[in-house]
Structure formats: C-alpha cells, structure tokens
Amino acid sequence: MNLKESPKKPVILIGMPACGKSTVGVLLAKRLGYRFVDSDLHIQEAEGKLLQEIINEQGMEGFIKIEEKVNLDLGTSDSRWVIATGGSAVYSPAAMAHFREIGTVVYLKLSYKTVRRRLGNFSHRGVVMPEGYTLRRLYDERCSLYEKYAHITIEEVPMPASAPAGEGDTPKRRYRRSIDQTLEVLCGALGVE
C-alpha cells in the first residue's frame with residue numbers, strides 16, 4: 001500500500017505522551033511497508049541512558065538540545081519511514097521544520113482527561129516538563145504547538161459509554177478497536193488505498 005498523491009514519504013507522528021504514537025506508528029508502518037522509527041529510542045541509544053536519566057542529568061534544556069540533534073538526523077524525503085516522536089519534539093522549531101519539509105506531520109490528539117488517565121504517575125516516564133508546571137498547563141502549551149506544526153490532526157473519538165459490549169468484550173479489546181479506528185481514519189487522511 002502506498003500514499004496516493006503525497007510526494008512526502010515519511011509520516012511523522014506527534015502528540016502528548018500516551019496518545020498512541022508508537023502503537024499507531026507500528027501498525028501504520030506495517031500497513032505501508034515502511035520502517036518504524038521511535039525517536040525516543042534513538043535518543044536513549046545515542047546517550048546510553050533512559051530518557052528520565054537524561055532529563056535528570058541534563059535538565060529540560062539539555063534534553064531538548066539532544067532531542068533536536070537526533071530529530072534533525074532522522075529521515076529524508078525519500079525515507080519510507082513512520083517516525084514516532086517524543087512529546088517534547090515540538091519544542092524545537094528546527095526539528096519540526098525538518099519534519100514538515102521531509103514528510104507529513106500527523107498530530108494524534110487526545111483530550112486532557114484521556115491523557116491524564118493514560119499517563120497516571122509519569123514521574124519516571126521521561127516527560128519533559130518545566131519546573132512548576134501542572135500536567136494541564138503542559139497539555140495546553142503543547143496542544144497549541146502540535147496544532148501549529150501538524151499537516152493533519154486525527155482527534156480521538158472515544159467509544160460512547162452506551163456502546164454495547166460484545167460477549168467477552170474487555171476494556172483492552174475495546175481499546176484495540178479504538179486504535180484500529182484511529183489507524184483507518186489516519187490511512188484515509190493520508191490517502192492510503
């Protein structure tokens with residue numbers, strides 16, 4: 001399966017931590033026959049440390065510089081890649097300009113309530129957050145940046161509480177269907193046959 005009319009082959013996924021960039025990215029890469037690239041893993045490999053360790057040692061600004069360098073080295077307009085970025089990638093205008101130039105930037109948008117629920121205690125997850133920020137303030141700040149840089153926004157449409165559950169339906173199974181629906185909407189937006 002190929003992108004119909006887009007000359008920009010890489011698909012770059014942006015969004016808050018826990019929005020599904022890696023999950024959707026792996027499925028999209030498989031469907032397109034592309035390579036899946038997780039920029040957070042590239043950062044960890046380059047530094048030989050976990051994200052949270054890098055943030056603890058380098059601080060927010062130091063981490064963002066490292067992240068920017070890694071992101072600037074990812075992909076060209078000929079790369080057949082799906083790239084899942086870290087949630088803080090949007091703090092680098094240079095990296096985002098690079099991504100917008102080489103590919104199609106897709107924002108996977110979740111409600112604040114869903115992000116809060118999925119993240120839970122994120123103190124060891126490697127989330128870049130300025131001193132004194134609440135999760136809500138971080139969410140509001142980043143959402144405007146995600147919207148600024150995205151070519152396409154795919155917004156979560158949660159399953160209604162009144163949706164009938166099938167026999168043996170579990171919350172995990174319902175979540176998978178939601179990921180499948182996100183993938184289908186994304187493929188439609190990208191013009192994937």
Side-chain angles (χ1 to χ4, degrees), residues 3 6 8-110 115 118-119 122-130 135 138-139 141-154 179 182-183 186 189-190:
L3 299 181
S6 176
K8 298 178 180 182
K9 291 182 182 172
V11 176
I12 300 95
L13 303 176
I14 62 173
M16 286 295 289
C19 73
K21 296 181 297 283
S22 294
T23 304
V24 171
V26 167
L27 295 171
L28 181 62
K30 183 177 178 181
R31 184 151 177 189
L32 295 172
Y34 281 16
R35 174 181 172 200
F36 174 72
V37 177
D38 185 318
S39 68
D40 281 347
L41 293 179
H42 279 267
I43 293 167
Q44 289 182 161
E45 288 170 6
E47 295 298 307
K49 298 175 183 170
L50 297 174
L51 297 177
Q52 192 60 52
E53 292 174 325
I54 301 166
I55 294 167
N56 292 344
E57 293 173 12
Q58 303 289 326
M60 182 177 150
E61 295 303 317
F63 179 86
I64 289 172
K65 285 180 184 176
I66 292 166
E67 182 177 43
E68 178 180 74
K69 183 181 183 315
V70 167
N71 285 338
L72 287 170
D73 289 340
L74 286 179
T76 68
S77 59
D78 293 325
S79 299
R80 294 169 47 99
W81 294 0
V82 173
I83 302 170
T85 65
S88 56
V90 290
Y91 289 136
S92 169
M96 293 312 301
H98 166 68
F99 286 144
R100 284 182 58 84
E101 183 179 317
I102 67 162
T104 302
V105 178
V106 178
Y107 169 28
L108 298 181
K109 183 176 183 176
L110 292 181
V115 169
R118 287 188 187 175
L119 275 179
F122 58 90
S123 62
H124 298 291
R125 188 176 169 121
V127 175
V128 172
M129 186 155 60
L135 180 59
L138 183 72
Y139 175 86
E141 177 179 272
R142 286 191 184 178
C143 284
S144 65
L145 292 171
Y146 297 138
E147 290 170 6
K148 173 182 175 181
Y149 291 119
H151 292 109
I152 299 169
T153 297
I154 305 295
I179 291 293
T182 299
L183 182 63
L186 175 54
L190 291 170

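Model, not experiment: these values are computed from the prediction. Positions are given from 1 along the sequence.
- For the residue pair V37 and H42, the shortest heavy atom distance occurs at CG1-NE2, 3.3 Å.
- For I102 against P10, the heavy-atom pair with the smallest separation is O-CD, 3.1 Å.
- A 4.5 Å side-chain heavy-atom check between V11 and I83 finds every atom pair outside the cut-off.
- Of all the heavy atoms in P17 and G87, the pair that sits closest is CD-CA, 4.4 Å.
- Using a distance-only test at 3.5 Å, with no hydrogens or angles considered, no donor-acceptor pair links the side chain of K21 to the main chain of D38.
- We find the CZ-CG distance between R31 and L190 to be 10.0 Å, quoted to the nearest 0.5 Å.
- Contact annotation: the side chain of L72 never approaches that of L74 to less than 4.5 Å [non-hydrogen atoms, C-beta and beyond].
- When all heavy atoms of G25 and F36 are compared, the closest pair comes out as C-CD1, 3.5 Å.
- Side-chain contact between Y146 and T153: absent, with no pair of heavy atoms (C-beta onward) separated by less than 4.5 Å.
- Residues I179 and L27 meet the side-chain proximity criterion, which asks for heavy atoms closer than 4.5 Å.
- In this structure, V127 and L138 have side chains that are in contact, with non-hydrogen atoms separated by less than 4.5 Å.
- The closest side-chain heavy-atom distance from M60 to P130 is below 4.5 Å.
- Across A94 and E68, no two heavy atoms sit closer than the pair CB-OE2, 3.7 Å.
- Under a 3.5 Å cut-off, the side chain of H151 and the backbone N or O of T104 do not form any donor-acceptor pair.
- Expressed to the nearest 0.5 Å, how far SG of C19 lies from NZ of K109 amounts to 12.0 Å.
- I54 CD1 to F63 CZ: the interatomic distance, rounded to the nearest 0.5 Å, is 6.0 Å.
- Residues passing the ring-ring contact (aromatic ring centres under 6.0 Å, His included) test with Y149, sequence neighbours excluded: none.
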Practice prompt. Run the numbers on Y91 and E61 for side chain to side chain donor-acceptor pair (under 3.5 Å), then give the verdict.
Written response: CA-CA 10 Å; Y91 289 136; E61 295 303 317; over 6 Å; no
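- Here the side chains of I12 and V106 are not in contact, with every heavy-atom distance at 4.5 Å or above.
- Summarising the geometry of S88 relative to V128, their closest heavy-atom pair is OG-CG2, 3.7 Å, with the distance given to 0.1 Å.
- A donor-acceptor contact closer than 3.5 angstrom is absent between the side chains of Q44 and D40.
- A donor-acceptor pair is defined here as one N or O able to donate and one able to accept, closer than 3.5 Å; no such pair exists between the side chain of S39 and the backbone of N71.
- Side-chain atoms of T76 come within 3.5 Å of backbone atoms of D78 as a donor-acceptor pair (strictly under, hydrogens ignored).
- Proximity of Y34 to K9: side-chain heavy atoms (C-beta onward) are separated by under 4.5 Å at one or more points.
- Within the 3.5 Å criterion, the main-chain N or O of G20 finds no donor-acceptor partner in the side chain of T23.
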Item to complete: For side chain to side chain contact (heavy atoms under 4.5 Å, CB included), just list the numbers for M96 and V105, CA-CA rounded to whole Å, side-chain angles, deciding distance to a tenth of an Å, and then say yes or no.
Response: CA-CA 9 Å; M96 293 312 301; V105 178; 4.1 Å; yes
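- Rounding to the nearest 0.5 Å places CE of M129 at 15.0 Å from OH of Y139.
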Worksheet entry | From CA spacing to verdict: side chain to side chain contact (heavy atoms under 4.5 Å, CB included), L32, R80 | CA-CA 9 Å; L32 295 172; R80 294 169 47 99; over 6 Å; no
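- Separating the OH atom in Y107 from the CD1 atom in I154 is a distance of 12.0 Å, to the nearest 0.5 Å.
- R118 places a side-chain N or O within 3.5 Å of a backbone atom of A18 that can act as its donor or acceptor partner.
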Item to complete: Give the C-alpha distance, both sets of side-chain angles, the deciding distance and a yes or no for side chain to side chain contact (heavy atoms under 4.5 Å, CB included) between L186 and L28.
Response: CA-CA 9 Å; L186 175 54; L28 181 62; 3.7 Å; yes
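- Between the NE2 atom of H98 and the OG atom of S92 there is a distance of 10.0 Å, given to the nearest 0.5 Å.
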